[in-house]
Amino acid sequence: MRLVTGLAAALLALATGTAAVAQTADPGPTLRNIRQKGALDCGGHPGAPGFGAMDSRGVYRGMDADICRAVAAAVFGDGERVRFTVLTSAARLPALQSGQIDMLARTTTWTHSRDTANGLNFTAVNFYDGQGFMVRVASGVRRARDLEGASVCISSGTTNELNLADWARANRINIRPVVFEQNDATTQAYEAGRCDAYSTDASQLAGIRTGLSRPDDHIVLPDIISKEPLAPAVRHGDDQWFDIVRWTIYALIEAEELGVTQANLDEMLRSERAEIRRLLGVTGDHGPMMSLDRRWAYNAIRAVGNYGEIFERNLGQASPLKLPRGVNDLWTRGGLMYAMPIR
Ligand SMILES: N[C@@H](CCC(=O)N[C@@H](CS)C(=O)NCC(=O)O)C(=O)O
């Protein structure tokens, strides 16, 4: 019945040339439920500085946390209408599959098996990462190939386990993986000297390093052994919700490309540029097409800034990690960040 109604509205819109489709857009079950609850439930990392971790004042911060706030702002006009559930690597997929959370933004690699067999849909990459190694400076190890015979601390339920085994086999390097279920257990074991190296996504290692008691005693090696495209995910079965999360991330990237920032947002409402006017909802029905307010992207940018601002605050020069933009720069500057057009 709903299909027939939608079709009728579409035909009417075609016939009259109006935006009737947008105004009658079906929110889908997830958005309807989120509105009823009054908050977005977002799954996050228990402690990955720069991505998702509690700061000293008890505020949950990081790039993934900010993506959740942006989606909450797109939905409610308020980036604080979000509840964070921190999840271990092993618990994160079941939490999304079962409906405990509405979206997962937790340093999660977009892989084929997760996207198919595990019933998830990855929305858009918010950080291109790769697996690396951290070692003690005193070990003398400077390249991954020096790890012959080393014990390596890793977390279970991650892509890191298989990558490490594949890499060791391909390079004929003997490695002894020491596997832990909790992230802090892995970190503590490494710090206590139970492993020669710690292996996970290189950007996470940079964050974990800042939390060690003597960061300068440790280095992250330059070698990267895998592709880890990290992307917020939703569960299969709700295309409308999938669209909302995906396009909110695109809006943040597009805002950076167009020079729209948290600070100049209101000034930009008066811009003559068609792309900026559509992004900020001055013209067009892009919010209503997703059953959201016309100001969905304006609200998301107002809550957390554009993608570049999110990056700098959490991972870049304004953060303890000081990661370079690298491949996470905009495509216009030689990076991989490329938002699909809002039109
Ligand atoms: N991107 C990888 C790894 C992400 C990841 O979760 N890494 C580990 C190492 S820091 C972790 O968080 N373990 C923590 C835990 O399960 O508590 C994945 O999606 O599997």
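Both counts, for ligands and for their atoms, begin at 1 and track the order of listing.
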Can you tell me how far the CG atom of Leu279 sits from the NE2 atom of His286, to the nearest 0.5 Å?
-> 9.5 Å
Does the side chain of [X] reach to within under 4.5 Å of the side chain of [Y], using non-hydrogen atoms?
X: Leu40; Y: Val75; answer: no
X: Glu191; Y: Ser213; answer: yes
X: Arg169; Y: Asp166; answer: yes
X: Pro229; Y: Thr109; answer: yes
X: Leu252; Y: Asp66; answer: no

Cation over ring, Arg114 on Phe122, under 6.0 Å and within 45°?
-> no
Relative to Tyr60, does Arg83 satisfy both conditions: NZ or CZ under 6.0 angstrom from the six-membered ring centre, and within 45 degrees of the ring's axis?
-> no
Give the residue and atom name of whichever protein heavy atom lies nearest to [atom], and the separation in Å to one decimal.
atom: atom 5 (C) of ligand 1; answer: Gln204 NE2, 3.5 Å
atom: atom 17 (O) of ligand 1; answer: Asn183 N, 2.8 Å
atom: atom 16 (O) of ligand 1; answer: Ser89 N, 2.6 Å
atom: atom 9 (C) of ligand 1; answer: Thr200 OG1, 3.3 Å

Hey, is [X] touching ligand 1 through its side chain, its backbone, both or neither, going by heavy atoms under 4.0 Å?
X: Arg114; value: side chain
X: Thr107; value: both
X: Asn160; value: side chain
X: Arg106; value: side chain

Subset of ligand 1 atoms that lie under 4.0 Å from at least one heavy atom of [X]:
X: His45; result: 11 (C), 12 (O)
X: Leu230; result: 1 (N)
X: Asp201; result: 1 (N), 2 (C), 3 (C), 4 (C)
X: Thr108; result: 19 (O)

Determine, for Arg106 against Asp64, whether the closest basic-nitrogen to carboxylate-oxygen distance falls under 4.0 angstrom.
->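 No, Arg106 and Asp64 are not salt-bridged.
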Going through the checks in order, is the ring-ring contact (aromatic ring centres under 6.0 Å, His included) test met by Tyr198 and His218?
-> CA-CA 10 Å; Tyr198 187 159; His218 306 268; 9.9 Å; no
Pairs of nitrogen or oxygen atoms closer than 3.5 Å, one from [X] and one from ligand 1: do any exist?
X: Arg92; answer: yes
X: Ser156; answer: no
X: Tyr198; answer: no
X: Thr158; answer: no

